[in-house]
Amino acid sequence: MNSPRTTRARISVIGAGPGGLTCARILQQHGMPVAVYDRDPGPEARNQGGSLDLHADNGQIALKAAGLLDEFFELARPEGQEMRQLDPAGRITAHHVPGPDELFKPEIDRGQLRDLLLGSLQPGTVRWGRALDAVGGPAGGPRQLRFADGTTVEADLVIGADGAFSRVRPAVSAAVPEHTGISFLEAWFSDVENRHPEIAELVGRGGAHAADGERGLFAQRNSGDHVRVYLIRRVPADWISRSGLTVEDTGGLRALLLDEYGHWSPRLRRMITENDGPYVDRPIFALPVPHTWEHDPAVTLLGDAAHLMPPLGVGVNLAMLDAAELALALAGAATVDDAIRDYERVMLPRAVETAEALEGGAADLLSVDVPGFGHHDAQQ
Ligand SMILES: Cc1cc2nc3c(=O)[nH]c(=O)nc-3n(C[C@H](O)[C@H](O)[C@H](O)COP(=O)(O)OP(=O)(O)OC[C@H]3O[C@@H](n4cnc5c(N)ncnc54)[C@H](O)[C@@H]3O)c2cc1C
């Protein structure tokens, strides 16, 4: 069967994360119709999580292609590039203070980035409350999207931008994410200058990392006077139930953490147990390395769906770069098949190379000196 021409193709993006939305935005800028389906009931359905740094050599390139770079810089926090390394006693062992013109990787809240991208799309582009179950239809296309609500949609191109546990991925690959042996527990703090001044001072304007070889934490400033802390531990994915607890049992989790981090300074322990609201469980998964798939003329993947890696600061950047490259390939190629080939020829080797470099890297977050950090301008 001949591949449809890109100008007439019915394009469906699954997932309204940073990757899916960037792809839809750039397609629309090139006059190409696209529908985005997301399982969330609406844009405000869940807290989008912490702060992201968008890099000049990938995330910012994608925003430029999307015509949104200036608006990004209006929202971004260059001062968020400040980074501190602390020891378990709470002393600063390395400290990077960004220069006045440093714009390599300014921070932005996930929620702000999502709003920026959503606001740039034609009204009605995202169809909320549409959880994909599976992709059916013949390998040559057209493909059939089967949703959990029983509806179906036919598409000439299915773009899987549906994250770590993608329902599009099985159409091209049998790979499944595996737990890295590392789990994050997220804690957040509101109104920090007034209510948590010691935490505000420890974290500074950007991020602070502390570890003792077995456990760690990464604290980050978010906009609106919030701080978010990831407690990083070498535990199985189901460690909470194994401990006889539930994630809602804030008191039980606090007691367990106080015991584990008992030898850390009281100042740092505040970041562990004085959080506002419940903890959020974030077991860290990654796809086996290398992850590639046989070319399919009607289905492709981007972002975490294509190359879920440990969260070491590249995930969203690669998702957005993939998205921009795929959208530009579709705008430039004659057929859908040609565009997917052009995109995957560049994306797959890059993803494999990065995943190989980061493989096992989640455990580096437990290391006293995170590789690549200590060479910054240590001041104390
Ligand atoms: C704790 C943590 C911290 C991180 N910190 C950073 C960081 O600082 N910097 C960085 O670059 N990266 C970070 N990452 C990684 C980053 O979050 C991801 O790489 C990035 O969000 C991937 O974007 P995406 O668009 O591919 O997928 P996602 O952001 O996961 O978006 C997927 C979308 O698909 C939707 N969806 C899922 N399943 C379905 C379905 N079946 N049907 C329909 N819709 C569906 C979801 O609702 C979601 O909107 C972190 C990850 C974690 C876990």
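Every number for a ligand or one of its atoms is a count from 1 in the order of the listing.
Among protein heavy atoms, the minimum distance from atom 30 (O) of ligand 1 is reached at G163 CA, 3.7 Å. If you check which protein heavy atom lies closest to atom 42 (N) of ligand 1, you get L132 N, 2.8 Å. The protein atom (non-hydrogen) at minimum distance from atom 11 (O) of ligand 1 is V316 N, 2.9 Å. Atom 18 (C) of ligand 1 has D304 OD2, 3.2 Å as its closest protein atom, hydrogens excluded (heavy atom only). From the protein, the heavy atom lying nearest to atom 2 (C) of ligand 1 is P311 CB, 4.2 Å.
Enclosure of atom CD in E201 is not indicated, since only 12 or fewer non-hydrogen atoms of other residues, nucleotides or ligands lie within 6.0 angstrom. Counted within 6.0 Å of CG on D57, heavy atoms from surrounding residues, nucleotides or ligands total more than 12; the atom is thus considered enclosed. No more than 12 heavy atoms of other residues, nucleotides or ligands shown are found within 6.0 angstrom of CZ on R5. Crowding of E294 atom CD: a count of heavy atoms from other residues, nucleotides or ligands under 6.0 Å not exceeding 12. By the 6.0 Å contact criterion, CD on E274 is enclosed, its count of non-hydrogen atoms from other residues, nucleotides or ligands being greater than 12.
Contact atoms of ligand 1 toward N317: 11 (O) (distance under 4.0 Å to a heavy atom of the residue). Every atom of ligand 1 with a heavy atom of F184 under 4.0 Å away is listed here by number and element: 1 (C). Below 4.0 Å from some heavy atom of G315 lie the following atoms of ligand 1, by number and element: 10 (C), 11 (O), 12 (N), 19 (O). Ligand 1 places these atoms under 4.0 Å from at least one heavy atom of D38: 33 (C), 34 (O), 35 (C), 43 (C), 44 (N), 46 (C), 47 (O), 48 (C), 49 (O). Against a heavy-atom cut-off of under 4.0 Å, R130 is close to the following atoms of ligand 1: 42 (N), 43 (C). The distance from ligand 1 to the heavy atoms of R282 drops below 4.0 Å at these ligand atoms: 1 (C). Near G303, the atoms of ligand 1 lying under 4.0 angstrom from a non-hydrogen atom of the residue are 26 (O). For ligand 1, the atoms lying closer than 4.0 Å to a non-hydrogen atom of I14 are 42 (N), 43 (C).
When non-hydrogen atoms are compared, ligand 1 lies under 4.0 Å from the backbone of R39 as well as from its side chain. When heavy-atom distances to ligand 1 are checked against a 4.0 Å cut-off, Q220 has no atom that comes that close, whether in backbone or side chain. The side chain of R110, and not its backbone, has at least one atom closer than 4.0 Å to an atom of ligand 1 (non-hydrogen atoms only; side chain from C-beta on).
Heavy-atom minimum distance, T250 versus P278: OG1-CA, 3.8 Å. Closest approach of L54 and L63 over heavy atoms only: CD1-CD1, 3.5 Å. Across all their heavy atoms, L328 and A65 have their closest contact at CD1-CB, 4.3 Å.
Looking at ligand 1, you'll find an N or O of G19 within less than 3.5 Å of one of its N or O atoms. Checked against a 3.5 angstrom limit, the closest N/O atoms of A164 and ligand 1 fall outside it. For Y230, no nitrogen or oxygen atom sits less than 3.5 Å from a nitrogen or oxygen atom of ligand 1, counting backbone and side chain alike.
Remark: distances from the non-hydrogen atoms of P18 to ligand 1 include one below 4.0 Å. Using a 4.0 angstrom heavy-atom cutoff, E107 does not count as in contact with ligand 1.
Defined by atom type and a distance below 3.5 Å, a donor-acceptor pair is present between the side-chain atoms of D338 and T335.
A salt bridge links D149 with R130: the closest approach of a Lys/Arg side-chain nitrogen to an acidic carboxylate oxygen falls below 4.0 angstrom. Ion pairing between R195 and D276 holds under the 4.0 Å rule for side-chain N and carboxylate O.
For the residues A16, S51, G17, A161, the heavy atom positioned nearest atom 8 (O) of ligand 1 is part of S51.
Here salt bridge (Lys or Arg N to Asp or Glu O under 4.0 Å) pairs that include residues 310-319, with residues two or more places apart or in two chains, number zero.
Taking the side chain as every heavy atom from C-beta outward, Q220 and V203 never approach each other to under 4.5 Å.
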